[in-house]
Protein chains: 2
Amino acid sequence: MQHLDTTDLRILSAMCARPKASAVALATELSLSRNTVQARLVRLESNGALLPFEQRVNPAALGFGLVSFVHIHVQQRLLGQIVEQLKAIPEIIEAHGVTGSADILARVVASGAEELFRVNGQILAIEGVERADTSLSMAELIPHRTTSLMDLRLAAGNGTGSRSTGSAAEVAG
Amino acid sequence: MQHLDTTDLRILSAMCARPKASAVALATELSLSRNTVQARLVRLESNGALLPFEQRVNPAALGFGLVSFVHIHVQQRLLGQIVEQLKAIPEIIEAHGVTGSADILARVVASGAEELFRVNGQILAIEGVERADTSLSMAELIPHRTTSLMDLRLAAGNGTGSRSTGSAAEVAG
DNA sequence: ATCAGGATTGGGCAACATGCACTATCCACG
DNA sequence: CGTGGATAGTGCATGTTGCCCAATCCTGAT
């Protein structure tokens, strides 16, 4: 993962503030050359700093308004196969191998309780899955955000004036 | 939350497949009028089906490569104030009020263990927070995805041919 | 069946953007 | 100092956007 310099951060931050702004407009706003913005955008996409567009799609709008977090306990030796089978369940939209009392923490969405129950049944039917403990999200207290992180980084690296060069202001690492 | 019909789904799905495609290109691909695509896109943005651009920013690229899930136990009567104070911690990038043994499940990122320890200290210092149990993400087994949900919905509502009209094929809800 | 309202279609237009190319300059490193 | 990559500024053919308009379609209510 290539880390970002202040110019990258400024570009990202401006894009968050004005997603529809063209590269030309961003360049003007940030006092950069249009070519620079374009080159940076290409690099941000190719090096993984920008995740795929699908992150923006709201599951609730697709009818999956029920969000739950499922703590899954598995037989470790079957982990690989289990993960493959979890991937085949469309309602599991994220999963992490975690430390702590559970082995996997999955985000599972559904249209309602009945469908969630069905999906949980699918999870439990996977060989090697010993337990699945489900917590329902009752409220989204802090919606997913990254601007707080960007602001933190910009505030930390903002000692080089309004026109920062790359390596002198590399802050994200 | 306004639910989406098949045309919306097809537009979203095409955007996920080709994020850089113009409205004109999408319209051609989907056999729709350009105006229709534009109108639908405006609606998708305004009704919350499309989340803000910042969802696409990868925290790891900002230097926050350590992901953890913090289960927070609180005094219920102080919940409102607690949430406000959690919001003021930039490294908390998501939080849900959940059922189950914990009250709040938070996603906390950091550059490393030391910083995570510091953030945890901040959480614990909030009045009304009784406990905070942290699980580290050791592996992103299933990266966040929504195309699986879209595919599911499209497969479920695909009985009306290649040119679906709105209400006859409303499937998401 | 009729009517009304919203959605969709197809087309137009001025302004603008994009992707790519080019040259010149700057900056960091060996 | 020399070199290579990054940045800046500019140009151009092509395509896009935001907005507008009129006509048609579709759906639900009466």
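Numbered from 1 within each chain, the chains take letters A, B, ... in sequence-line order.
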- When you measure from the centre of the six-membered ring of A:F64, is the NZ or CZ of B:R153 under 6.0 Å away and within 45° of the axis? yes

- Task: Examine the base of D:dG5 for any acceptor or donor lying under 3.5 Å from a partner atom in the side chain of A:R40, and report the outcome as yes or no.
- Result: no

Name the closest nucleotide to the [X] side chain, picking from [options].
X     : options                : result
B:R34 : D:dT10, C:dG12, D:dT16 : C:dG12
A:N35 : C:dG19, D:dT10, D:dT16 : D:dT10
A:R43 : D:dA6, C:dC13, C:dC22  : D:dA6

- Item | Residue list, side chain to side chain contact (heavy atoms under 4.5 Å, CB included) with B:Q81, at least two apart or on another chain | B:L78

- Quick one: is B:S22 getting a side-chain N or O under 4.0 Å of the D:dG15 phosphate, OP1 or OP2? no

- Item | D:dG9 phosphate, OP1 or OP2, under 4.0 Å from A:S33 side-chain N/O | no

- Task: Assess whether salt bridge (Lys or Arg N to Asp or Glu O under 4.0 Å) is satisfied between A:E54 and B:R56, documenting all intermediate values.
- Result: CA-CA 8 Å; A:E54 75 180 284; B:R56 293 190 60 189; over 6 Å; no

- Message: Taking the nucleotide of DNA chain D with the nearest heavy atom to each, does B:A25 or A:V37 sit closer to the 5' end?
- Response: A:V37

- Check whether any side-chain heavy atom of B:M15 lies under 4.5 Å from a side-chain heavy atom of B:L26, and answer yes or no. yes

- Starting from C1' on C:dA17, measure out to NZ on A:K20 and report it in whole angstrom. 15 Å

- Message: Rounded to whole Å, how long is the line connecting atom CG of B:D5 with atom C1' of D:dT27?
- Response: 14 Å

